Amino acid sequence: MTTDEMLRLKSTFVAPYMQLATNLIGKTREGGGNMFRHQLDTMATLIDYGYIDSVLLKAAVVHDLLEDVPDFNRNLLLSIDYESPDVYDLVLEVTRAPDEAKPVFLTRILERGSYRAKVLKVADRISNMIALGFVIQIEFIHRYIEETVRYIYPIAEEVDKSMLSELRSLVESRRKYLSAIVPESASTEVG
C-alpha cells in the first residue's frame, strides 16, 4: 500500500456507517449469521482486493440497510458526512425494489450499473457465496449458483478478474458439495 493510499484510508470514517448498520443485527440470513456481519464482511472483501474508495467502503457497510429495514429513516444515512449523498445513491443502486424480480434486479446492475455498483455487487456475492457453505436447502443453493454464473460472472469479468476467480472457485466448491449430497445434481449444473 502506498503512502497516498494510507492517507486516503486514514481519512475514511466508517464508524458512523457501522452504527447505522447495527439496525441489521438480528436479521438472519439463509447462510446463517446476521446481516450486520455480512455488511462488514463485504467491506472486508473490498479491502482484501485493494479497494480504498471511501464511498464504496462506506456503502458496503450499509448496502442492505434500505432493503432489509424498510422503516429505516433514510435521512440518517444522508446526513453523516460530505460523502453521504454519494453513499446513499450507491446503496440505492444496489438495492432491490420491493416489486423487482431478482433476475430483473441483477440484469439492471449488469447492464446499467455504475462501476462502483458492480464492484460492490461482486464483493457482496463473494460474501454470500462463502455463507452459502452453511446453507442446507438444495434448491436455494442451485438457484444461487445459477444466478452467480449467469449474472455475477459477467459483472466480475468486467470489473475485477481476481474477484471472478474467487467466485469461480466458490461456485466449484458449492457444486462439489451438491454432488456429494445429491449425486444427480451434477447433471443440472449451469456454466
Side-chain angles (χ1 to χ4, degrees), residues 14-49 51 56-77 80 87-88 90-109 113 117-153 155-156 163 166-167 169-182 185:
V14 296
Y17 292 89
M18 291 169 72
Q19 183 60 44
L20 289 182
T22 62
N23 284 282
L24 292 163
I25 292 175
K27 303 253 183 217
T28 58
R29 306 178 68 216
E30 289 281 340
N34 69 49
M35 291 303 292
F36 173 71
R37 282 182 254 136
H38 166 63
Q39 307 308 288
L40 299 181
D41 186 51
T42 301
M43 182 184 71
T45 299
L46 290 167
I47 292 171
D48 185 35
Y49 279 98
Y51 291 96
L56 183 59
L57 296 177
K58 291 171 183 179
V61 173
V62 294
H63 75 273
D64 285 322
L65 193 57
L66 301 181
E67 190 172 318
D68 291 337
V69 184
D71 60 343
F72 178 75
N73 180 352
R74 295 169 183 228
N75 289 325
L76 294 173
L77 181 54
I80 293 176
V87 171
Y88 179 79
L90 181 52
V91 170
L92 279 179
E93 195 174 353
V94 297
T95 296
R96 186 171 145 199
D99 61 344
E100 189 174 32
K102 188 86 173 269
V104 172
F105 164 67
L106 293 172
T107 300
R108 174 173 53 84
I109 293 175
K118 290 177 178 183
V119 170
L120 180 52
K121 189 65 202 162
V122 174
D124 173 47
R125 186 53 66 113
I126 287 171
S127 173
N128 288 333
M129 287 297 294
I130 291 168
L132 194 59
F134 301 98
V135 175
I136 57 172
Q137 298 162 341
I138 293 170
E139 285 306 312
F140 181 83
I141 297 170
H142 274 294
R143 189 189 84 228
Y144 217 73
I145 288 171
E146 183 179 331
E147 284 177 3
T148 300
V149 171
R150 183 170 180 182
Y151 301 104
I152 309 301
Y153 275 17
I155 295 171
M163 292 172 92
E166 182 172 0
L167 276 174
S169 176
L170 288 164
V171 164
E172 174 77 18
S173 71
R174 297 329 175 236
R175 285 180 171 163
K176 285 180 183 176
Y177 167 73
L178 287 176
S179 293
I181 61 168
V182 183
S185 69

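None of the values given here were measured: they were computed from a predicted structure.
Under the 4.5 Å side-chain criterion, counting only non-hydrogen atoms from C-beta, Leu20 is in contact with Ile80. Counting only heavy atoms from C-beta outward, the side chains of Leu170 and Glu166 approach each other to under 4.5 Å. Put simply, the side chain of Val122 does not reach to within 4.5 Å of the side chain of Lys118, judged on heavy atoms. In this structure, the side chains of Leu24 and Val69 come closer than 4.5 Å at one or more pairs of heavy atoms. Tyr153 is listed as a side-chain neighbour of Val171, based on a closest heavy-atom distance under 4.5 Å.
Rounding to the nearest 0.5 Å places OH of Tyr177 at 9.0 Å from CG of Leu132. Here the CD1 atom belonging to Ile155 is positioned 8.5 Å from the OG1 atom belonging to Thr107, to the nearest 0.5 angstrom. Rounded to the nearest 0.5 angstrom, Thr42 OG1 and Lys121 NZ are separated by 9.0 Å. Rounded to the nearest 0.5 Å, atoms CG (Leu77) and CG (Leu66) are 6.0 Å apart. With rounding to the nearest 0.5 Å, the separation of CG in Asp48 from CE in Met163 is 9.0 Å. To the nearest 0.5 angstrom, Phe72 atom CZ is 5.5 Å from Asn23 atom CG.
Remark: Arg108 fails to qualify as a cation-pi partner of Tyr151 under the 6.0 Å distance and 45° angle criteria applied to the six-membered ring.
Side chain of Arg174 to backbone of Met129: a donor-acceptor contact under 3.5 angstrom is found.
Look at Arg143 and Glu147 and you find a salt bridge, because one of the NZ, NE, NH1 or NH2 atoms lies within 4.0 Å of a carboxylate O, short of that distance.
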Verdict with supporting geometry, Asp124 and His38, side-chain contact (heavy atoms from CB on, under 4.5 Å): CA-CA 8 Å; Asp124 173 47; His38 166 63; 2.7 Å; yes
Criterion side-chain contact (heavy atoms from CB on, under 4.5 Å) on Asn128 and Arg29, from CA distance to verdict: CA-CA 9 Å; Asn128 288 333; Arg29 306 178 68 216; 2.2 Å; yes
Evaluation steps, side-chain contact (heavy atoms from CB on, under 4.5 Å), between Val87 and Val62: CA-CA 9 Å; Val87 171; Val62 294; 4.3 Å; yes
Test log, rule side-chain contact (heavy atoms from CB on, under 4.5 Å), inputs Arg37 and Asn34: CA-CA 6 Å; Arg37 282 182 254 136; Asn34 69 49; 2.9 Å; yes
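With sequence neighbours excluded, no residue forms a salt bridge (Lys or Arg N to Asp or Glu O under 4.0 Å) with Lys27.
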